[in-house]
Structures are given as C-alpha cells and as structure tokens.
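Remarks on the structure that follows.
Lettering follows sequence order; numbering is per chain, from 1.
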2 protein chains.
Amino acid sequence: MIQTTSEENYLKTIFHHAGISNNAVSTNDIAASLGTKAASVTEMLKKLSTQKLIRYKKYNGVTLTDSGTKQALLIVRKHRLWEYFLVEKLKFSWDEIHEVAEQLEHIQSEVLVERLDSFLEHPRFDPHGDPIPDKKGVIKKSDSQKLIDVTEKKEAIVNLVTDQPELLRYLSKIGISIGSKLKVMEKNSFDQSMLLLINGKNKVQISSSIANNISVQL
Amino acid sequence: MIQTTSEENYLKTIFHHAGISNNAVSTNDIAASLGTKAASVTEMLKKLSTQKLIRYKKYNGVTLTDSGTKQALLIVRKHRLWEYFLVEKLKFSWDEIHEVAEQLEHIQSEVLVERLDSFLEHPRFDPHGDPIPDKKGVIKKSDSQKLIDVTEKKEAIVNLVTDQPELLRYLSKIGISIGSKLKVMEKNSFDQSMLLLINGKNKVQISSSIANNISVQL
DNA sequence: ATATAAATTTAGGCAAACCTAAAAAATAAT
DNA sequence: ATTATTTTTTAGGTTTGCCTAAATTTATAT
C-alpha cells in the first residue's frame, strides 16, 4: 500500500493533470511535469497499473482508479497542510514553500498528518487558497471560477493561484495576491489576454495562460 | 555537498558510535546499527572517503573528518529539533517520535531548520534530554548529573567525584578519573548496578552507591 | 490515402544501494 | 608461532528509477 516517493510524485502529477473530471493524461505531459523522459514514464505506468492505482492501456493515456485518486488526495492533503504550517507557523512567504512542501509531503506517518491537522486547527484552505482534502480525501468545493472565464466589466476577488514559484513571483510583482480585487476591463477576443484593474489602482495586461491559472470568486 | 539520505544515515551512525572523542568505528558496528551487511558498509565508506567526510583505511575502521562531523551534527540538530516539535507541539509521546524524526531529519532546507528553531524558541535539549547542536554544529554541554541517572548506551564524561579517599582510590584503581569517558553499557534494573566502558577500553561493573557518587556531563 | 510528424513503447544501459559467497587480513587461542 | 576464528573486503548479482536510441503506433497534413 505504501508508495515510494517516486510513485507518489507520479500519482500526484496524474491527479493534477486529470482535474476533477479525471480526464486521461498523456505520457508526455507526465514526463514534462516531472522532468523525466517518456520512456521512464511508460515504465512507471506499468508499475502503477499492476498496483491498480491507474487504468493504463498502451498508447491511450492513463486515468486514476478510485484507489489511486484516494492516494493522490492524501498526498495533496499532506502537501497543503505542510504549506499551511510553513506559512502560518514558520513565517515562510508563499513563494518559498513549494520546494520544502514537496519533500514534507512524502513523510510516511498517518498519525503525524492527523496531529499536524489538529495542531493547525483543521485549516480548510492552504496559503494559495487551494482546498485541503480531509482525512478521507474529500475536498470541499468553493464556488470559485477561473479568471479567464470572468466576463468583461466584472469584478472578482482572487481566491487561489497555482503554486508555481515563477508565476507566484510574477503575480506578486504586478501586485496580485490572494484577496486582490480584480476588475476585468477588456478581454481580447483572439488571444484571450485581458486588461485588469488591480485593487482599483493599477492596470495590467495579462496573458490567457496566466488568467487560466488564477481562480477567483465573484 | 548535499548528501543522500543513505549517506546521511551512515554519517549519523558513525558519529553516534564514535562518541565525543571521535573513536574509530568498525564496519560491523555500522552494519549492525543500520541493518545492512558489512559488504554494503565497505562500499559506502569508500564513497564517503572520496568526499573527505571520513578517514578510511582498509581494515582499520573509520573516523569522521571535521567536515563529516559538521555534517553529522547538522543532521543530529535536525533530528532533535523535529523531536522537540513532535512532542511539544504535536503532542506525541516520546516513544512515538523516533521513526518520524528519522524521516524528517533528511528534509533539505537550511531555512526550514532555522525557522523551526526560532518557532520552537531555540530549545537546548530534545525530549530525551540530549543536547541540540546550534546551527554551527556546536553542542552546549548539559549541566552535570549523577552517573546513576544516565540512561543506557549513553556516553558521559566524569565531572567530579566526592572527596572520600577510599572511593577516589578505588576509582583510580579501576581507571576512572575526572575527564574519563564512560559509556553505560548495561543498567541492572533491580540493584541499580551498571556496566561501564571506560575510555572505550575497559569494562567495569560498579555498584549503585558508587554510581551515585560520580557526577558526569553528557 | 498516403506521407510526414508526433507520441509512445521497447530494448539495452547506467548509477545507487543493497545483497550473498568467497577471499584476504587481522585478531585470538592453543 | 601456528592454527582457528572473526572481521573486512572483493567479486559478482539484484532492484529501482532513470537514460538514449530505435521501433512502433497514432495523429496530422497534403
């Protein structure tokens, strides 16, 4: 039942790529995310498949089984709890935590996770605003949507951003953080870029790929 | 400079066996502690030797270099800080913490260790009473305690003895004086007598009344 | 529809860290 | 001082997770 660090990283990556609807994920996408090569991914997929953590047919991409999803959610739970700990207790800033949380998430101890959760008083969202699955792997949904889907002239409050450090640094540089008020001034219809007014002050143009990685509440 | 988990475990084990005086440690002892075989140890010793972390001559045991000692102390620092965290913040009992601390000590992040240390308010001793090295690897000596209170397998340095001439004569006869290094090999639970290893050489059995009159520092 | 390109898998290798069995060196015992 | 025993090292394998290069399958384009 216990996974190696490498297996855990594969499960987590598949989970993140599959999204809520558990879409099939391609070998190449996994390789790109993990910084490995496609051949290595194929190898690992076979291994995870024999453990019934994924459904894998040659050339067809993979999906997580229920068991695999559960495992992935527990890793995500650990990652986000540790992130919360790092920011709330150890006073890390949110662009410093990713690398460390990547290591901490692999510590194997169920009791540790539950004690940590209690110590932190059962936080529901990590410092990026991402929901923390409970110990059964259940994620409570927030009624947020992607910034890219927000219609023109609407105002929204930033809810969560991905934990890619570069993106986080860029966003903080242009003045976007969790809680920022964004007003969509213009949406460029052919490249999906948008002009934002941030906290009623600064105007910034952002690309669709960035807008795609910011989640907001209206 | 960064060690693998395995290399770190070897360094830590050598450190613990060598004691404060950095005695040579045997291949077999390392293998026994780590649950590996002597052949595997030999292999790793070669590797650590080329990294100048240990001094290794075939068939001669190993000692840590200054660099190796420093690395070992930093691992010990991390281990003990995490143990303190687990007990003081997460309410683990002290017999639950070892396994988890064994994992946590390998997390690679200097800033994490220093922030954890601050968060815990710079504890000087872990829950077992062992001193926590500072960030430079310096161990502050604990206050002295009675030899009879030293736990099994611990090493201590003789600090002072009472001034009863008979006792002094007896002690000098069996090779114990101020500055002697004592390792508690066995504690007999019903008469409180103990078997000591003196300066890494001679084994001596002493009664509780003698152990009660020797003061040591860890 | 067939050629080209892209994605994926297979085949064969490599390094780390372990193993067993046999050889060599050091230590202990007669 | 030789022999016997223990310790350590060498030699040759194994597994995990990675790699490159070549083969295969699927997708794209003319």
Side-chain angles (χ1 to χ4, degrees), chain A residues 1-14 17-18 23-64 68 71-72 75 102-103 105-108, chain B residues 1-14 17-18 23-64 68 71-72 75 102-103 105-106 108 197 200-203:
Chain A
M1 198 65 171
I2 285 173
Q3 264 54 67
T4 64
T5 293
S6 188
E7 287 171 322
E8 288 191 343
N9 283 332
Y10 276 89
L11 286 177
K12 198 181 50 150
T13 298
I14 295 165
H17 273 84
N23 307 311
V25 180
S26 76
T27 301
N28 260 0
D29 285 356
I30 297 169
S33 288
L34 290 173
T36 61
K37 294 303 165 71
S40 308
V41 174
T42 299
E43 227 174 59
M44 182 61 89
L45 294 184
K46 286 178 187 168
K47 196 178 168 195
L48 294 173
S49 184
T50 65
Q51 299 178 52
K52 302 257 162 76
L53 293 165
I54 60 172
R55 274 175 289 269
Y56 170 59
K57 252 194 282 185
K58 277 188 192 176
Y59 298 101
N60 254 66
V62 283
T63 56
L64 290 169
Q71 296 286 319
I75 301 159
E102 286 287 299
Q103 295 181 66
E105 73 188 4
H106 299 295
I107 303 291
Q108 303 282 172
Chain B
M1 198 67 170
I2 286 171
Q3 264 56 64
T4 65
T5 292
S6 189
E7 287 170 320
E8 289 191 341
N9 283 332
Y10 276 88
L11 287 178
K12 198 181 48 149
T13 297
I14 295 166
H17 275 82
N23 307 312
V25 180
S26 77
T27 302
N28 261 1
D29 284 355
I30 298 170
S33 288
L34 291 173
T36 61
K37 294 302 164 74
S40 307
V41 174
T42 300
E43 225 176 59
M44 181 61 89
L45 294 184
K46 288 179 187 166
K47 197 177 165 194
L48 294 173
S49 183
T50 65
Q51 296 175 248
K52 301 255 161 77
L53 293 166
I54 60 173
R55 274 175 289 269
Y56 170 59
K57 254 195 279 186
K58 278 187 193 178
Y59 298 99
N60 254 67
V62 283
T63 55
L64 290 170
Q71 297 287 319
I75 300 160
E102 286 287 299
Q103 295 181 63
E105 73 188 4
H106 299 294
Q108 303 282 173
L197 183 68
K201 285 180 224 149
N202 308 318
K203 285 185 188 167

B:A38 side chain, from C-beta outward: closest of C:dA7, D:dT8, C:dA21: D:dT8

Side-chain N or O of B:S40 closer than 4.0 Å to phosphate OP1/OP2 of C:dC19: yes

Value in whole Å for how far the C1' atom of C:dA17 lies from CD of B:Q51: 14 Å

Interatomic distance, A:N60 CG vs D:dT25 C1' [rounded to whole Å]: 11 Å

Distance test, side-chain N/O of A:K37 to OP1/OP2 of D:dT20, below 4.0 Å: yes

Side chain to side chain, A:Q71 and A:L53, heavy atoms closer than 4.5 Å: yes

Closest nucleotide among D:dC18, C:dC18, C:dT10 to the B:T36 side chain: C:dC18

From D:dT9, D:dT7, C:dT10, nucleotide with atom closest to B:T42 side chain: D:dT9

Flag, side chain of B:S33 to backbone of B:I30, donor-acceptor distance under 3.5 Å: no

Of the listed nucleotides C:dT8, D:dC18, D:dT9, the one nearest the side chain of A:E43: D:dC18

Euclidean distance, atom NZ of residue A:K57 to atom P of C:dT8 [Å, nearest integer]: 16 Å

Nearest-Å distance for atom pair CG/P, residues B:N9 and C:dA16: 17 Å

Separation of atom CG in A:D29 from atom C1' in C:dA6, rounded to whole Å: 13 Å

Given DNA chain D, 5'-ward residue of the pair A:M44 and A:K58, judged by closest heavy atom: A:M44

Short side-chain N/O contact from A:Y56 to OP1 or OP2 of C:dT8, under 4.0 Å: no

d(CG, B:L34; C1', C:dA17) in whole Å: 12 Å

Sugar-phosphate only, base, or nothing, as touched by A:G35 at under 4.0 Å among non-hydrogen atoms: sugar-phosphate

A:K46 side chain near C:dT10 phosphate (N/O to OP1/OP2, under 4.0 Å): yes

Stepwise salt bridge (charged side-chain N to carboxylate O under 4.0 Å, His left out) check, B:E102 with B:K12: CA-CA 11 Å; B:E102 286 287 299; B:K12 198 181 48 149; 2.8 Å; yes

Shortest non-hydrogen contact between A:A31 and A:A38, atoms and distance: CB-N, 3.8 Å

Among D:dT8, C:dT8, D:dG17, the nucleotide that comes nearest once only the side chain of A:T4 is considered: D:dG17

Name of the residue among B:L45, B:V41, B:T63 meeting side chain to side chain contact (heavy atoms under 4.5 Å, CB included) with B:I14: B:L45

A:Y10 vs D:dC18: side-chain N/O to OP1/OP2 distance below 4.0 Å: yes

Spacing of B:Y59 atom OH relative to D:dT5 atom C1', expressed in whole Å: 15 Å

Interatomic distance, B:N28 CG vs D:dT6 P [rounded to whole Å]: 12 Å

Proximity to the side chain of B:S6 - top-ranked nucleotide from C:dC18, D:dG17, D:dT9: C:dC18

Under 3.5 Å: donor-acceptor pair, side chain of A:R55, backbone of A:V62: no

